[in-house]
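Numbers for residues simply follow the sequence, beginning at 1.
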Amino acid sequence: MNSYFADLHIHIGQTTSEKPVKITASRTLTLENILVEASEHKGIDIIGVIDCHVPEVIVTLKKLIENGDCIELEEGGIRFQNTTLILGSELEIYDESCKGPIHVLAFMPSLDKMQEFSTWLSSRLTNITLSSQRIYEVGKTLQKVVKELGGLFIPAHIFTPHKSLYGSGVTTSLQEVLDGRLIDAVELGLSSDTSMADQIIELHDYTFLTNSDAHSLPKIGREYQKLALLEPSFMELKKALAGENGRGVQANYGLNPYLGKYYDTTCEKCGLKPKENQLKCENCGSARFVKGVSNRLKELAGSTDHKRHRPPYIHQVPLQFIPGIGPKTLEKLKDMFGTEMNILHEVPRHELTKVVQEKIADYIVGAREGRLQVKSGGGGTYGKVTGI
């Protein structure tokens, strides 16, 4: 088996013809730029681009294949330089069984299957050219169609307060809205980790994924996983999520949950964190709060006694979060050492000090080893690194 880094949740900001896809994403986040960034700058072996249902994106991929810039793999996925693209789509389920909207990811093995999926979606979405659109279809029907096409179905950022499975969609159980047998894995999101998620009994049998949900090029790879595969392809990914024949997740690299935007409960109006059992904000008097992931998990928690082996969850801190590393410093590091994955995982401290101050080198090594101290975030504001 070989080891590969994978980030399976990356948005497209706009198409080649400059039409918007993910409205809140950077306009530099084109498909072509994503491929170059992942392969040449980040050093990520497998990426999941989750707006590939958009017709113009499909046309762009066909042209890249025709021009020889990309190759469609027999085992599924599209190869660009050192990176394999897995074709995905993010959709919003809000059927009569849902308490609130839920975002899910669907991945297809080939461009033909994605085109078939896009055609099926077109009569069920208000706008097929945009990302993360509400699908006017029952969630369990969507799951069945994904499986009929040979795809993978993964609930996205399952604990975030807005538009997620446990954050807004269900009262206590995923079975309220989805068929648990047709789920291939679950994505934890930026404000939780393995130990937190494993408090929920019904999640014990699922593979946990940690992805960036990138809305800009620098955010690609802020969370990712290391996979044991024979090769970077769709079919090998499918086997890894099922834990088949030695394939699987070797490690999850995710933000310390404190760094996520929704770890703590905060006042919806002013952002102050309330004290326990506080009904009104002592700062502004508002009675509306954004419930944090940590608080929601306390409501859902059950037994943590289970037999499934979990790979290590490493509290990785992206280079952009580390004090003293701005755009210019990051470029100097990449000029010297290549990709961000190499800088984060491989470059020795004494080599780092040839480019950056010793304190910054200590931060990078501290991030690598999970030793950084952080201040928790909430209400849409990221936490931050405070020391070593």
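- Side-chain atoms of T84 and D45, non-hydrogen and from C-beta on, never get closer than 4.5 Å to each other.
- One finds the NZ atom of K140 at 8.5 Å from the CZ atom of R181 (value rounded to the nearest 0.5 Å).
- Side-chain atoms of Q133 and T126 include no donor-acceptor pair closer than 3.5 Å.
- Residues meeting the side-chain contact (heavy atoms from CB on, under 4.5 Å) test with K99, sequence neighbours left out: T171.
- Under the 3.5 Å distance criterion, with hydrogens and angles disregarded, a donor-acceptor pair is assigned to the side chains of E90 and H11.
- Inter-residue side-chain proximity for E187 and I158 is flagged as unmet; no heavy-atom pair is nearer than 4.5 Å.
- Side-chain atoms of R27 come within 3.5 Å of backbone N or O of A25 as a donor-acceptor pair.
- For the salt bridge (charged side-chain N to carboxylate O under 4.0 Å, His left out) test, no residue two or more places apart in sequence or in another chain qualifies with R134.
- Residues L178 and L165 are in side-chain contact: their nearest non-hydrogen atoms beyond the backbone lie under 4.5 Å apart.
- The CG atom of D7 sits 5.0 Å away from the CD1 atom of I44 when rounded to the nearest 0.5 Å.
- Residue S164 comes nearest to T160 through the heavy atom pair OG-O, 2.6 Å, listed as atom of the first residue, atom of the second, then distance.
- The structure places CD1 of I135 at 6.0 Å from CG of L125, a figure rounded to the nearest 0.5 Å.
- Taking the side chain as every heavy atom from C-beta outward, T339 and K334 never approach each other to under 4.5 Å.
- Under the side-chain contact (heavy atoms from CB on, under 4.5 Å) criterion, N295 pairs with T265, K291, not counting sequence neighbours.
- For E358, the salt bridge (charged side-chain N to carboxylate O under 4.0 Å, His left out) test picks out R349, with sequence neighbours left out.
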Q | side-chain contact (heavy atoms from CB on, under 4.5 Å) between K163 and E92, worked out | A | CA-CA 8 Å; K163 299 185 178 182; E92 181 177 302; 3.4 Å; yes
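- For the 3.5 Å distance criterion, the side chains of Q81 and D69 fail to qualify, holding no donor opposite an acceptor.
- When the shell of 6.0 Å around CD of E299 is examined, it contains more than 12 heavy atoms from other residues, nucleotides or ligands.
- For the salt bridge (charged side-chain N to carboxylate O under 4.0 Å, His left out) test, residues two or more places apart in sequence or in another chain that qualify with E268 are R288.
- Here CD1 of I34 is found 9.0 Å from OG1 of T28. Values are rounded to the nearest 0.5 Å.
- Salt bridge annotation for R371-D362: absent, with no cationic side-chain nitrogen under 4.0 angstrom from a carboxylate oxygen.
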Q: Please test L61 against L85 for side-chain contact (heavy atoms from CB on, under 4.5 Å), starting from the C-alpha separation and ending with a verdict.
A: CA-CA 10 Å; L61 283 167; L85 164 65; 3.6 Å; yes
Q: Decide side-chain contact (heavy atoms from CB on, under 4.5 Å) for N256 and V317; before the verdict, give the C-alpha distance in whole Å, the side-chain angles of both, and the deciding distance to 0.1 Å.
A: CA-CA 7 Å; N256 184 316; V317 177; 5.7 Å; no
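- Side-chain contact between Y313 and S195 is absent, with no heavy atoms from C-beta onward closer than 4.5 Å.
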Q: Would you sort out whether S212 and R222 count as a side-chain contact (heavy atoms from CB on, under 4.5 Å), showing the intermediate values?
A: CA-CA 5 Å; S212 68; R222 64 178 169 182; 3.7 Å; yes
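- Ring geometry for Y224 against H345 counts as perpendicular: the plane angle is over 60°, on a 0 to 90° scale with 30° as the lower cut.
- For residues 80-105, the ring pair (Phe, Tyr, Trp, His ring centres under 6.0 Å) pairs, not counting sequence neighbours, are H103-H157.
- Salt-bridge annotation for D51 and K22: absent, with no side-chain N of the basic residue lying under 4.0 Å from a carboxylate O of the acidic one.
- Rounded to the nearest 0.5 angstrom, E18 CD and T15 OG1 are separated by 8.0 Å.
- The side-chain heavy atoms of T141 and K144, taken from C-beta on, include no pair separated by under 4.5 Å.
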Could you give the side-chain donor-acceptor pairs of residues 239-253 under 3.5 Å, partners two or more places apart or in another chain?
from, atom 1, to, atom 2, distance (Å)
R247, NE, E236, OE1, 2.9
R247, NE, E236, OE2, 3.3
R247, NH1, N245, O, 3.1
R247, NH2, E236, OE2, 2.9
Q250, OE1, S3, OG, 2.7
Q250, NE2, S3, OG, 3.4
N252, ND2, F208, O, 3.2
N252, ND2, T210, OG1, 3.1

Q: Test E32 against T16 for side-chain hydrogen bond (donor to acceptor under 3.5 Å, both in side chains), laying out the working first.
A: CA-CA 8 Å; E32 295 90 337; T16 304; 2.9 Å; yes
Distance-only criterion, 3.5 Å: show the donor-acceptor pairs between side-chain atoms of residues 104-114 and protein atoms not counting sequence neighbours.
from, atom 1, to, atom 2, distance (Å)
S110, OG, K113, N, 3.2

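- Heavy-atom minimum distance, L73 versus P232: CD1-O, 3.6 Å.
- Within the 4.5 Å cutoff, the side chain of I93 has heavy atoms near those of the C98 side chain.
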Review item, side-chain donor-acceptor pairs of residues 116-123, under 3.5 Å, at least two apart:
from, atom 1, to, atom 2, distance (Å)
S118, OG, H53, O, 2.7
T119, OG1, Q115, O, 3.0
S122, OG, T119, O, 2.6

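- Residue pairs meeting the ring pair (Phe, Tyr, Trp, His ring centres under 6.0 Å) criterion with at least one member in residues 319-342, sequence neighbours excluded, are F321-Y382.
- E75 and S233 form no side-chain donor-acceptor contact under 3.5 Å, judged by distance and modelled atom types alone.
- Listed by chain and residue number, nothing satisfies the salt bridge (charged side-chain N to carboxylate O under 4.0 Å, His left out) test with K219 (two or more places apart in sequence, or in another chain).
- With sequence neighbours excluded, the residues that form a ring-ring contact (aromatic ring centres under 6.0 Å, His included) with Y258 are Y263.
- Under the 4.0 Å criterion applied to side-chain N and carboxylate O atoms, E331 and K328 are not assigned as salt-bridge partners.
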Q. Does the side-chain hydrogen bond (donor to acceptor under 3.5 Å, both in side chains) test come out yes or no for N82 and E40, once each step is laid out?
A. CA-CA 8 Å; N82 300 315; E40 297 182 9; over 6 Å; no
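- Here the straight-line distance linking atom CD1 of I314 with atom CD of Q225 works out to 12.0 Å at 0.5 Å rounding.
- Contact of the L272 side chain with the C284 side chain is not registered, since no non-hydrogen atoms from C-beta on lie closer than 4.5 Å.
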